[in-house]
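Below is one structure, written out as structure tokens; the observations come after it.
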Amino acid sequence: MNSLNELNWFPGHMKKALNQVAEKLKNVDGVIEIGDSRAPFSSFPNYLDKITKDKIKVYAFSHGENADPQKFINQIKKYEAMGIKTFSFDFRQEKECRPLLDYLSSIKTSKDEKYLKNNFPLPDKKFMILGIPNVGKSTLINTLSKKRKAAVENKPGKTRAQQLIRVSEKIYIVDTPGILEPNYEDKEVITKLAILGSVKFDILPLVALTDHFLNFLREKYPSSLTSFYDIDISGTEESVFLNIAQKRNYLLKGGIYDSIRARKNLIDEFRKGTLGRISLDE
Ligand SMILES: Nc1nc2c(ncn2[C@@H]2O[C@H](COP(=O)(O)OP(=O)(O)O)[C@@H](O)[C@H]2O)c(=O)[nH]1
Ligand SMILES: [Mg+2]
């Protein structure tokens with residue numbers, strides 16, 4: 001297999017996943033949809049709207065510290081034009097969760113208005129975190145739950161207690177995130193998700209994937225390569241990876257440079273953020 005276009009993409013079991021999540025959503029007031037700041041469109045399951053359209057919605061993007069800031073600002077204008085509040089930060093950092101928490105606390109539901117009218121204290125609100133695998137759902141839940149001790153709500157009449165994590169005065173997060181399938185049908189999307197690490201690396205051929213990524217970097221972020229690796233980036237893709245292998249002294253038996261290891265290294269360095277702040281979506 002030489003080209004990414006020759007791949008057969010397996011259709012995700014999207015409907016099944018969606019129905020399971022829709023069922024769980026009945027128990028919450030709102031959703032926190034998670035994407036990756038480095039690909040804020042591709043990391044979103046685009047079929048999610050079907051089940052969240054009647055819910056209060058907030059978008060939170062992980063890896064804020066590694067995304068191209070200018071691109072991200074322009075990209076989220078699309079979401080903000082739809083009236084959706086968006087946040088982008090490093091989900092591992094406790095103090096960076098604050099603006100999201102403050103916003104969740106400020107949300108008023110239609111239920112709240114009735115309480116306010118009768119001078120009752122406002123009820124608690126429950127949110128569910130939703131997103132495709134590896135975008136940072138568990139990390140966000142863990143970071144949020146560090147702020148307060150996890151509280152368990154045990155409602156009588158329910159066969160299984162719902163684990164709710166109290167994250168601020170009246171805000172709870174459902175402990176199990178809603179996991180959704182990425183859009184396996186869209187080759188461009190799935191390629192970006194493989195680079196990010198959101199879909200299994202081995203469903204894509206490494207050489208085709210890294211050729212594609214190298215050409216993307218050469219076009220959009222050439223200095224990320226030249227300044228990090230200090231190499232000549234012109235020539236064929238294979239020759240550039242051999243340059244990286246040489247620079248890093250990745251040697252195979254017989255003194256041959258290991259371009260496969262160099263290819264894997266390029267992906268690793270991108271994921272670690274060492275190539276600089278890079279966004280995959282336009
Ligand atoms: N640098 C960075 N890494 C993150 C961030 N959020 C999540 N991660 C990492 O991404 C990986 C997947 O995160 P995880 O929370 O398990 O994703 P989940 O599958 O959506 O629950 C983990 O190695 C996290 O440490 C972030 O904002 N910045
Ligand atoms: Mg998880």
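All ligand and atom numbering here is 1-based and tracks the order in the structure.
- The pair E237-R263 does not meet the salt-bridge criterion, since no charged nitrogen lies less than 4.0 angstrom from a carboxylate oxygen.
- Those atoms of ligand 1 with a heavy atom of D90 less than 4.0 angstrom away are 26 (C), 27 (O), 28 (N).
- The protein heavy atom nearest to atom 10 (O) of ligand 1 is H63 CE1, 4.1 Å.
- Side chains of E269 and N265: a donor-acceptor N/O pair is present below 3.5 angstrom, by distance only.
- Shown in contact with N134 at under 4.0 Å from a heavy atom are these atoms of ligand 1, numbered in order with element: 11 (C), 12 (C), 17 (O), 18 (P), 19 (O), 20 (O).
- For S62, no nitrogen or oxygen atom sits less than 3.5 Å from a nitrogen or oxygen atom of ligand 1, counting backbone and side chain alike.
- Side-chain N/O atoms of D281 and S42 include a donor and acceptor closer than 3.5 Å.
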Evaluate side-chain hydrogen bond (donor to acceptor under 3.5 Å, both in side chains) for E238 paired with S259, printing each intermediate quantity in order.
CA-CA 7 Å; E238 181 64 13; S259 66; 2.7 Å; yes
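- Atom 17 (O) of ligand 1 has its closest protein heavy atom at G136 N, 3.1 Å.
- A salt bridge links K125 with D112: at least one charged nitrogen is closer than 4.0 Å to a carboxylate oxygen.
- An N or O contact shorter than 3.5 Å links V135 to ligand 1 by distance.
- Considering both main-chain and side-chain atoms, F91 comes within under 3.5 Å of ligand 1 through a nitrogen or oxygen pair.
- In summary, E65 and R277 do not engage in a salt bridge, as defined by a charged side-chain N under 4.0 Å from a carboxylate O.
- Within the cation-pi definition used here (under 6.0 Å to the ring centroid, within 45° of the axis), K57 does not qualify as a partner of F127.
- A cation-pi contact, defined as under 6.0 Å to the ring centre and within 45° of the axis, is absent between K111 and Y115.
- Only protein N, O or S atoms were considered, and those under 2.8 Å from the Mg ion (ligand 2) are S138 OG.
- Checked against the 6.0 Å centroid threshold, F91 and F89 count as a close aromatic pair.
- A donor atom on one side chain and an acceptor atom on the other are found under 3.5 Å apart for T86 and E80.
- Near F89, the atoms of ligand 1 lying under 4.0 angstrom from a non-hydrogen atom of the residue are 27 (O).
- Of all protein heavy atoms, the one closest to atom 14 (P) of ligand 1 is T139 OG1, 3.5 Å.
- Between E113 and K117, none of the side-chain N atoms (NZ, or NE/NH1/NH2) sits under 4.0 Å from a carboxylate O, so this pair counts as no salt bridge.
- Of the protein's heavy atoms, at least one falls inside 4.0 Å of atom 27 (O) of ligand 1.
- Note: F44 and F61 meet the aromatic proximity criterion, with ring centroids under 6.0 Å apart.
- The shortest heavy-atom distance from E65 to ligand 1 is under 4.0 Å.
- At least one heavy atom of P133 sits less than 4.0 Å from an atom of ligand 1.
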